[in-house]
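Shown next, in structure tokens, is the structure this report addresses.
Every chain is numbered from 1, with letters handed out A, B, ... down the list of sequences. Because the structure is predicted, anything quoted here is derived from the model rather than measured.
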Protein chains: 2
Amino acid sequence: MANIRDIAKQADVSVTTVSRVINEHPYVSKEKRQRVHAAMAELGYLRNQQALTLSTGRTQRFVVVLPYMDHPYYGLFVNGLAKAALVKGYRLVMWQTEYKLDQERQALDLLRHREVDGAILLSHAMSFEELETYRSFGPISVATVGAPETISSVHVDHYAAFATGLQVLKQGGYEDIGIVLSRQSSPSSIARQRAYFDEVASARERWVWTGYLTSEDGIRLAAEFLQRKERPRALFLSSDYVALGFLGEMHRRGVRIPEDVAILGFDGHPISQAFGLATMHAPHEEIGRALFDVTFDEMDGGAVRTQSLTVTYFPGMTL
Amino acid sequence: MANIRDIAKQADVSVTTVSRVINEHPYVSKEKRQRVHAAMAELGYLRNQQALTLSTGRTQRFVVVLPYMDHPYYGLFVNGLAKAALVKGYRLVMWQTEYKLDQERQALDLLRHREVDGAILLSHAMSFEELETYRSFGPISVATVGAPETISSVHVDHYAAFATGLQVLKQGGYEDIGIVLSRQSSPSSIARQRAYFDEVASARERWVWTGYLTSEDGIRLAAEFLQRKERPRALFLSSDYVALGFLGEMHRRGVRIPEDVAILGFDGHPISQAFGLATMHAPHEEIGRALFDVTFDEMDGGAVRTQSLTVTYFPGMTL
DNA sequence: GTACATTCTGAAACGCGTTTCAGAGCAAGC
DNA sequence: GCTTGCTCTGAAACGCGTTTCAGAATGTAC
């Protein structure tokens, strides 16, 4: 493995000159430039990224923190992140946390130890107070709501999104509406529930289901839903995968959708289209892209930004 | 940001001693050890991972190469990879290629430039001959079949898996069977098609559909399938997501499954269960885990390994 | 008392590219 | 002819932790 000093010796120039050639600095004579190029070709020179990183203090990496790698929901964001990272020549280090605090801390320690230039959290269990303690080590951006002003955020306006979805249901003639949320105490769930109570007259505490994340949870929900004596006429589920699990299981049990119960999903996964699931399409890929860009800009002294994106209703046959 | 030399000065010892304390080398007197610990605490010392990497030549990172981040199929592998990486304190750098050769080359250049210690390819367009040229820069493992003996491989035995699936269909009384594959020229597709021609008497070239990867492709397939005058009685699809897209769209069009056409999927995604899709469950997470381990072991002088895992039939209501 | 082993310590070199600084050579401007 | 400014060059320092090597101090064995 030839290094920059070997090249210098071979081309009979200084290491400085070699470095200048590599970085296309103008002040190198044509002749020496050629000698250096020849030497690099001859010895098969490859720049050592580690040394570069140590020298410049830039790793060209961001850590992406997310609870589950195998939930398609995060794939949408990561796709956007990856595309934006490619443009800027950045690498993404993925960190799966399963919402465990020590895992989130480990991920953020990458920032403290200068292993990455910034951190992007798609979802997190950590409080913003604690998250802020890492802020001095580099830019931090989140896809969640409620971030303090030191932390950039690009997110769906969950309150507005849920309000819109509920209006769609109301306009469809549904009055008794239940909602299905993911983690009970997450800021997004809180905003969604707030919209529910504000928007729906018949809203009741017991028609709020929490703790549903996956299609398996959707299957479980179907059983639980049918056990209730009194049931809402429509369900607004905060995840397409839960909605699809619910839909499939209801179907299997011979329950008609939307005649017996109407459902509206959330996210806009491609697979939802196949089953005619009505859903609120959220721009997750776009958020991923924007999260990367804001983190990148902040690294170069850009301002902390908060951006709130809106969702669009995608009609389907389930309501 | 205090460095090791600052600590040395503060504790009035040499940098060597500080390094020894950090690495828990036994030959440090109790007293100096305490002084060093005190100095580290006082100055808030954090070890610079970059310097460590430059010095040891180990990055503690692998690059994971995959075509699409947002296809749930890869999530299954990555989940296994992430779990194994966590155990060994390794980081995963994700590289999305969209099957573009230049992207795959860029990813492997990380290996050449010593930005990562190894490369794990979940799927790739690159030939094994070209892939082998990167082998001298570090361990390379693939989840695909047909790797040369210098490259580790952990994969599903696609021939056996497809043969088993076809036998399941035959035992179900289906004689006219069609197959739906992903990329036409991929080694796995070739093995699958081979199993098809070997196993099914009525196998015909025109009942092989190729180029179907996503649920959207599955929707498209439904339309194409119904346009055919002559049709097989059963379809074996090499991806659950294609199968689900197909299933949903057929349903929408009023085609009965399995009465009009039976379907068998492949992968064993959780969502398939919700729709009662019969499928061949492949141990993708397990493969991810094994891929990490084999790459890791190879880095420490372990042997190149080839491991072939089998799939299991998961019954459903679609055949 | 001598020989050898063990424990402890630190200076210096190493991994490798970038950056700063000082200086030389040469051309243009007055 | 002299000053100013640009072009070009390289030595040395820097980022920071690890490792090698030499040496000192102390303990144990015969």
Side-chain angles (χ1 to χ4, degrees), chain A residues 1-37 39-40 43-61 89 109-117 137-138, chain B residues 1-37 39-40 43-61 89 109-117 137-138:
Chain A
M1 296 268 167
N3 65 31
I4 201 173
R5 276 159 242 268
D6 298 330
I7 304 299
K9 201 173 289 174
Q10 175 85 3
D12 196 25
V13 296
S14 70
V15 291
T16 317
T17 299
V18 177
S19 177
R20 275 195 267 258
V21 171
I22 292 168
N23 293 288
E24 295 177 347
H25 186 100
Y27 289 173
V28 180
S29 67
K30 205 171 197 175
E31 193 237 328
K32 295 208 174 186
R33 189 183 305 277
Q34 282 172 350
R35 287 222 306 270
V36 169
H37 277 306
M40 289 201 293
L43 300 181
Y45 174 73
L46 289 168
R47 200 207 221 146
N48 184 324
Q49 187 67 31
Q50 294 323 126
L52 183 72
T53 297
L54 177 61
S55 184
T56 60
R58 282 278 171 93
T59 64
Q60 312 236 84
R61 286 189 293 272
D109 276 340
L110 298 189
L111 199 58
R112 301 210 306 163
H113 290 105
R114 283 162 283 182
E115 254 196 90
V116 296
D117 297 334
F137 302 105
Chain B
M1 295 268 169
N3 64 31
I4 201 174
R5 277 159 240 269
D6 298 330
I7 304 300
K9 200 174 289 175
Q10 175 86 0
D12 195 26
V13 296
S14 69
V15 290
T16 317
T17 299
V18 177
S19 176
R20 275 195 266 258
V21 171
I22 292 169
N23 293 288
E24 296 178 345
H25 186 99
Y27 289 174
V28 180
S29 67
K30 206 171 197 174
E31 192 235 330
K32 296 211 173 183
R33 189 183 306 276
Q34 282 173 348
R35 287 223 304 271
V36 170
H37 278 303
M40 291 200 293
L43 301 181
Y45 173 72
L46 289 169
R47 201 209 222 142
N48 183 324
Q49 187 66 32
Q50 294 323 126
L52 184 72
T53 296
L54 177 62
S55 184
T56 60
R58 281 278 170 93
T59 64
Q60 312 237 85
R61 286 188 294 272
D109 276 339
L110 298 190
L111 199 58
R112 300 212 305 165
H113 291 106
R114 281 162 284 183
E115 255 196 271
V116 296
D117 297 334
F137 302 103

Within the 4.0 Å heavy-atom criterion, would you say [X] contacts the bases, only the backbone, or no part of the nucleic acid?
X: A/S29; answer: sugar-phosphate
X: B/L52; answer: sugar-phosphate
X: B/S19; answer: base
X: A/V13; answer: sugar-phosphate

From C-beta outward on B/T16, which listed nucleotide comes closest to its side chain: C/dA11, D/dG17, D/dT9?
C/dA11
Which nucleotide wins on minimum distance to the side chain of B/V28, given the candidates D/dG15, C/dC16, C/dT9?
C/dT9
Whole-Å distance separating the [atom1] atom of [X] from the [atom2] atom of [N]:
X: A/R5; N: C/dG17; atom1: CZ; atom2: P; value: 8 Å
X: B/R33; N: C/dT7; atom1: CZ; atom2: P; value: 13 Å
X: A/E31; N: C/dG25; atom1: CD; atom2: P; value: 17 Å
X: B/I4; N: C/dG15; atom1: CD1; atom2: P; value: 18 Å
X: B/I7; N: D/dG17; atom1: CD1; atom2: C1'; value: 12 Å
X: A/Q49; N: C/dG15; atom1: CD; atom2: P; value: 19 Å
X: B/Q50; N: C/dG17; atom1: CD; atom2: P; value: 15 Å
X: A/M40; N: C/dG17; atom1: CE; atom2: C1'; value: 13 Å

Considering heavy-atom distances to DNA chain C, does A/R47 or B/K30 have its closest nucleotide positioned more toward the 5' end?
B/K30
Residue met sooner reading DNA chain C from 5', once B/S14 and B/R114 are mapped to nucleotides:
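Taking each residue's closest nucleotide, the earlier one in sequence belongs to B/S14.
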OP1 or OP2 of [N] less than 4.0 angstrom from a side-chain nitrogen or oxygen of [X], does that happen here?
X: A/Y27; N: D/dC8; answer: no
X: B/Y45; N: D/dC16; answer: no
X: B/N23; N: D/dG17; answer: no
X: A/T17; N: D/dT9; answer: no

Ion pair present between A/D109 and A/R112, side-chain N to carboxylate O less than 4.0 angstrom?
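The answer is yes: the pair qualifies as a salt bridge.
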Where do B/N3 and B/N48 land on the side-chain contact (heavy atoms from CB on, under 4.5 Å) test, with the steps shown first?
CA-CA 8 Å; B/N3 64 31; B/N48 183 324; over 6 Å; no
List the steps and the verdict of side-chain contact (heavy atoms from CB on, under 4.5 Å) for A/Q49 and B/R114.
CA-CA 6 Å; A/Q49 187 67 31; B/R114 281 162 284 183; over 6 Å; no
Check the side chains of A/T16 and A/S19 for a donor-acceptor pair under 3.5 angstrom, ignoring hydrogens and angles.
no
Check: B/Y45 and B/V18 side chains under 4.5 Å, non-hydrogen atoms
no
At less than 3.5 Å, do the side-chain atoms of B/R20 and the base atoms of C/dG10 form a donor-acceptor pair?
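Under the 3.5 Å cut-off, the side chain and the base do form a donor-acceptor pair.
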Side chain to side chain contact (heavy atoms under 4.5 Å, CB included) partner of B/I7, chosen from B/V36, B/V21, B/I22, B/V15
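It is B/V36; the other options fail the test.
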